[in-house]
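Data block below; observations after.
All values derive from a computational prediction rather than experimental measurement. The first residue in the sequence is number 1, and the count goes up from there.
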Amino acid sequence: MADNNYDAIVVGSGISGGWAAKELTEKGLKVIMLERGENIEHIKDYVNTNKDPWDFPHAGGRTQQMVKDYGVLKRDYPLNETNLKWWASDKDSPYTEVKRFDWFRGYHVGGRSLMWGRQSYRWSDFDFEANAEDGYGVDWPIRYKDIAPWYDHAETFAGISGSLEGLPQLPDGKFLPPMDLTCVEKEVAARIKKHYNNARTMIMGRSANLTVPHNNRTNCQYRNKCWLGCPFGAYFSTQSATLPAAVKTGNLTLRPMSIVTKIIYDKDTKKAKGVEVLDAETNKTYEYFSKIVFVNASTLNSTWILLNSATDIWEGGLGSSSGELGHNLMDHHLGVGAGGVVEGFEDKYTYGRRPNGMYVPRYRNLFGDKRDYLRGFGYQGGSGRNGWSREIPELQIGAAFKEALTEPGQWTFGMGGFGEILPYHENQVTLDKTKKDKWGLNVLAIDCELKENELKMRKDMLADAVEMLEAAGVKNVGAGDGDGTPGRGIHEMGTARMGKDPKTSVLNGNNQVWDAKNVFVTDGACMTSAACVNPSLTYMALTARAANFAVEELKKGNL
């Protein structure tokens, strides 16, 4: 469409953007998907996918020059030489930390769908009703029953492996066969279940890794190299799943290197008429026009676009009429857990390199349990045997040393907590008009911190992990409360929340911006609370639901 007119514009190509493009094109709309970064083609551009550590100049690690160049990425695992190109540059795309916030981004086609942890869990009504019950944030405009069919839809297409457990706080889904717990995990799980009389349970993680062939994608090969790109298409990503589906319709135009800088608002129609785009290579500005706009640039970038779309009507940006745009930023706080040694399984080993682990669903502040803090947490982790790179107390050399390393080491078991952060109004992002990025655009200022509720929760996360492992017979249990800085969970949520009232929320129950009903936000920015489970499956379901609603409204002439 040379005239730059489309039925729909999708901003961003990550997990939710890919879903928006798939759903809208399959329903017959002509769609352009705008991505600020470069194109990454499935298989062809996974240049490191078959490399082993010794194939990299520094064994896959980091150099001192990398540490110097990447001030934020160096704070955690994203700084490494295996897929550094897939993480946004601290230099090109800086941001202002009013309080420390570790923001790890992926600016390319597929976004973080290429690097995500793939843990995929449904929310329950405990989660959707939490704000209303304890008074933090505003009430969600939807409940589990509203999104359950869309969870079905998302799981069925994406391919989520998992086990049916019948847990009210963690609803079952449309699962592919689960991966297996190791023999040690099975034993630890059985001991925990018995010790706590079924009040706590350990299950196999529910993961977007295929365990059987599915939708023309090959099942997982247990290489555990997911974040290098999977040539088998065995985990869900935009490249492996939603983009091919959208392309198949013939209705998709993909334009990479396109930074959406603002939504163009028509005050006469009170709707958006399109978006303004800055070409990331030429610095030229273009405009694209459409009937509807789906904003899926990832939580903070989506809100940046809304903030940057200020008009003489809303000086605070499109969607700012409630005063909530940019506020209520959340993540999951982690870095707390325990680990130890498991004896008695020296004649057993693991199969392959399973790209998944165990999960302990939330049990605090549920079913009669009452703590001195609100909400709760879950645990992720697993077991394994130390390999050839394990530390040897005696620094030996020679044949005996080499022979010792041909045998696997002791079994270890570890678990780390993922806790909910409440939607505090003062945890926020704003535009920093004193600082600009590589393209001359104002950057975000992030002001976010853990508060008393999270700090109290972390004490339980630590103590409970130790207690459970000791109850399960794990030896030499050690615990640690590490870095819980917001952002490290890479689950940014909020800043353009859904709600029932335009005076207290940015979006309505169908993910429409109250101030412009043909603009939809369905990525993490829309979240009204954070729960304690990984959120990406919920983004998929909300996006599919909103796309269906948008197309129906178009047919009725309401948009």
Side-chain angles (χ1 to χ4, degrees), residues 10 12-31 33 35 39-50 83 86 106 108-120 149-162 173-179 205-254 256 296 352-356 536-537 539-541 543-545 547-548 551:
V10 175
S13 61
I15 284 178
S16 62
W19 266 97
K22 168 192 175 295
E23 296 294 307
L24 295 171
T25 56
E26 288 183 341
K27 295 179 187 301
L29 272 59
K30 295 294 183 180
V31 177
M33 185 160 66
E35 166 55 49
N39 192 17
I40 303 291
E41 290 189 34
H42 186 45
I43 304 177
K44 180 177 81 72
D45 289 331
Y46 303 157
V47 295
N48 291 332
T49 187
N50 290 316
N83 69 352
W86 289 0
H108 50 258
V109 172
R112 288 178 302 194
S113 78
L114 286 176
M115 302 101 82
W116 69 308
R118 306 168 306 285
Q119 293 294 290
S120 303
W150 299 102
Y151 276 134
D152 288 352
H153 180 70
E155 289 163 343
T156 300
F157 177 78
I160 309 299
S161 60
K174 302 288 186 181
F175 298 141
L176 301 178
M179 292 182 171
R206 295 172 177 174
S207 179
N209 288 85
L210 303 183
T211 50
V212 294
H214 181 72
N215 283 350
N216 298 313
R217 294 158 51 204
T218 304
N219 53 291
C220 179
Q221 304 298 299
Y222 282 65
R223 305 182 328 140
N224 196 26
K225 295 184 176 184
C226 309
W227 76 336
L228 302 181
C230 182
F232 304 94
Y235 72 83
F236 173 87
S237 67
T238 296
Q239 275 83 347
S240 71
T242 48
L243 183 56
V247 169
K248 186 179 179 181
T249 67
N251 291 327
L252 181 72
T253 299
L254 171 63
N296 300 98
R353 299 184 181 93
R354 185 190 66 191
N356 195 0
S536 295
L537 181 66
Y539 304 164
M540 298 184 204
T543 301
R545 177 176 177 269
N548 182 71
V551 172

Q) Phe236 and Thr242: side chain to side chain contact (heavy atoms under 4.5 Å, CB included), yes or no, with the steps? A) CA-CA 9 Å; Phe236 173 87; Thr242 48; 3.8 Å; yes
Main-chain N/O of [Y] paired to [X] side chain as donor or acceptor, under 3.5 Å:
X      : Y      : answer
Glu155 : Lys174 : yes
His214 : Ala234 : no
Ser161 : Ser207 : yes
Gln239 : Val109 : yes
Glu23  : Ala21  : no
Thr238 : Gly14  : yes

For the residue pair [X] and [Y], establish whether any side-chain heavy-atom pair is separated by less than 4.5 Å.
X      : Y      : value
Asn296 : Trp19  : no
Asn251 : Lys27  : no
Phe157 : Met540 : no
Thr218 : Pro213 : no
Cys220 : Met179 : yes
Leu114 : Tyr46  : yes
Gln119 : Asn356 : yes

Where is the tightest heavy-atom contact between [X] and [Y], given as atom of each residue plus distance?
X      : Y      : answer
Ala544 : His153 : CB-CD2, 3.7 Å
Ser240 : Gly233 : CB-CA, 3.9 Å
Cys226 : Asn209 : SG-ND2, 3.9 Å
Thr211 : Pro178 : CG2-C, 4.3 Å
Glu35  : Ser13  : OE1-OG, 2.7 Å
Asp45  : Asn39  : OD2-O, 3.9 Å

Q: Starting from the C-alpha separation in whole Å, work towards a yes-or-no answer on side chain to side chain contact (heavy atoms under 4.5 Å, CB included) for Asn48 and Asn83.
A: CA-CA 8 Å; Asn48 291 332; Asn83 69 352; 5.8 Å; no
Q) How long is the span from the OG1 atom in Thr543 to the CG atom in Asn548, to the nearest 0.5 Å? A) 12.5 Å
Q | Lys30 NZ to Thr25 OG1 distance, which is reported to the nearest 0.5 Å | A | 10.0 Å
Q | Trp86 and His108 aromatic ring geometry - parallel, tilted or perpendicular at 30°/60° bounds | A | tilted
Q) After noting the C-alpha distance and the side-chain angles of Val10 and Leu252, does the key distance pass the side chain to side chain contact (heavy atoms under 4.5 Å, CB included) rule? A) CA-CA 10 Å; Val10 175; Leu252 181 72; over 6 Å; no
Q. What pairs meet the salt bridge (Lys or Arg N to Asp or Glu O under 4.0 Å) rule with one or both residues in residues 206-221, with sequence neighbours excluded?
A. Asp172-Arg206
Q: Show your reasoning for whether side chain to side chain contact (heavy atoms under 4.5 Å, CB included) applies to Thr49 and Arg223.
A: CA-CA 10 Å; Thr49 187; Arg223 305 182 328 140; 2.8 Å; yes
Q | Any residue meeting side chain to side chain donor-acceptor pair (under 3.5 Å) with Ser120, in chain and number order, not counting sequence neighbours | A | none
Q: Would you please indicate yes or no on a ring centroid separation below 6.0 angstrom for Trp116 and Tyr235?
A: no
